[in-house]
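Below is one structure; the comments refer to it alone.
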Amino acid sequence: HKESIQQIRDILEELRQEDACLQIRDLQVSGHDLMALGYRGREIGEKLQWLLELVLDEKLENQKEKLLEELRRNR
């Protein structure tokens, strides 16, 4: 049991050191960035969630320009 807890702590520390993107607020873009591209209302939250899933699946890097480029391509 103690070993499992330590393994979890080690994983969390590694994620912190990597500055891992685990939730929408960790993305390098915000709702304001999406609004500047013309997104409105619920569409903003949906697109942010979509970007987060791409980043979590390691299909897209959490870099602002790459995220914005992906949004432009999938408009």
Side-chain angles (χ1 to χ4, degrees):
H1 183 65
K2 283 185 179 184
E3 292 171 6
S4 297
I5 292 172
Q6 187 56 48
Q7 287 176 325
I8 292 169
R9 285 183 178 151
D10 291 344
I11 291 168
L12 286 173
E13 182 57 30
E14 186 176 326
L15 290 171
R16 279 191 205 108
Q17 288 178 6
E18 291 175 359
D19 213 11
C21 179
L22 301 174
Q23 48 192 329
I24 287 175
R25 71 179 182 182
D26 297 331
L27 288 170
Q28 293 298 311
V29 293
S30 69
H32 296 288
D33 296 313
L34 274 70
M35 287 170 58
L37 292 176
Y39 290 96
R40 296 289 177 255
R42 289 176 67 186
E43 190 178 32
I44 293 171
E46 290 169 359
K47 287 296 183 179
L48 288 171
Q49 183 63 43
W50 174 70
L51 289 172
L52 177 61
E53 289 173 20
L54 290 174
V55 171
L56 289 173
D57 290 343
E58 298 182 358
K59 294 179 181 174
L60 186 63
E61 290 181 59
N62 187 25
Q63 295 178 353
K64 186 171 188 167
E65 196 50 48
K66 291 186 184 224
L67 296 168
L68 293 175
E69 183 180 313
E70 189 69 20
L71 286 167
R72 288 184 197 105
R73 262 200 314 257
N74 291 282
R75 185 77 174 139

With rounding to the nearest 0.5 Å, note down the distance linking CD in Gln49 to CG in Leu56. 8.5 Å
Would a 4.5 Å heavy-atom cut-off, applied to side chains only, mark Val29 and Leu48 as touching? yes
Which residue pairs satisfy the salt bridge (charged side-chain N to carboxylate O under 4.0 Å, His left out) criterion with at least one member in residues 43-60, sequence neighbours excluded? Glu43-Arg75
How close do Leu52 and Leu22 get, heavy atom to heavy atom, and via which atoms? CD1-C, 4.1 Å
Kindly compute the distance separating CG (Leu60) from CH2 (Trp50), expressed to the nearest 0.5 Å. 7.5 Å
Looking at CE of Met35 and CD1 of Ile44, how far apart are the two atoms once the value is rounded to the nearest 0.5 Å? 5.5 Å
Contacts under 3.5 angstrom, residues 64-74 side chains, donor-acceptor by atom type, not counting sequence neighbours:
unit_1, atom_1, unit_2, atom_2, d
Lys64, NZ, Asp33, OD1, 3.2
Glu65, OE2, Arg72, NH1, 3.3
Lys66, NZ, Glu61, OE2, 3.2
Glu69, OE2, Arg73, NH1, 3.0
Glu70, OE1, Arg73, NH2, 2.3
Glu70, OE2, Asn74, ND2, 2.9
Asn74, ND2, Glu70, O, 3.0

Could you measure the distance from the CD atom of Gln7 to the CD1 atom of Ile11? Nearest 0.5 Å is fine. 6.5 Å
With a sphere of 6.0 Å drawn around CD of Glu3, does it hold more than 12 non-hydrogen atoms of other residues, nucleotides or ligands? no
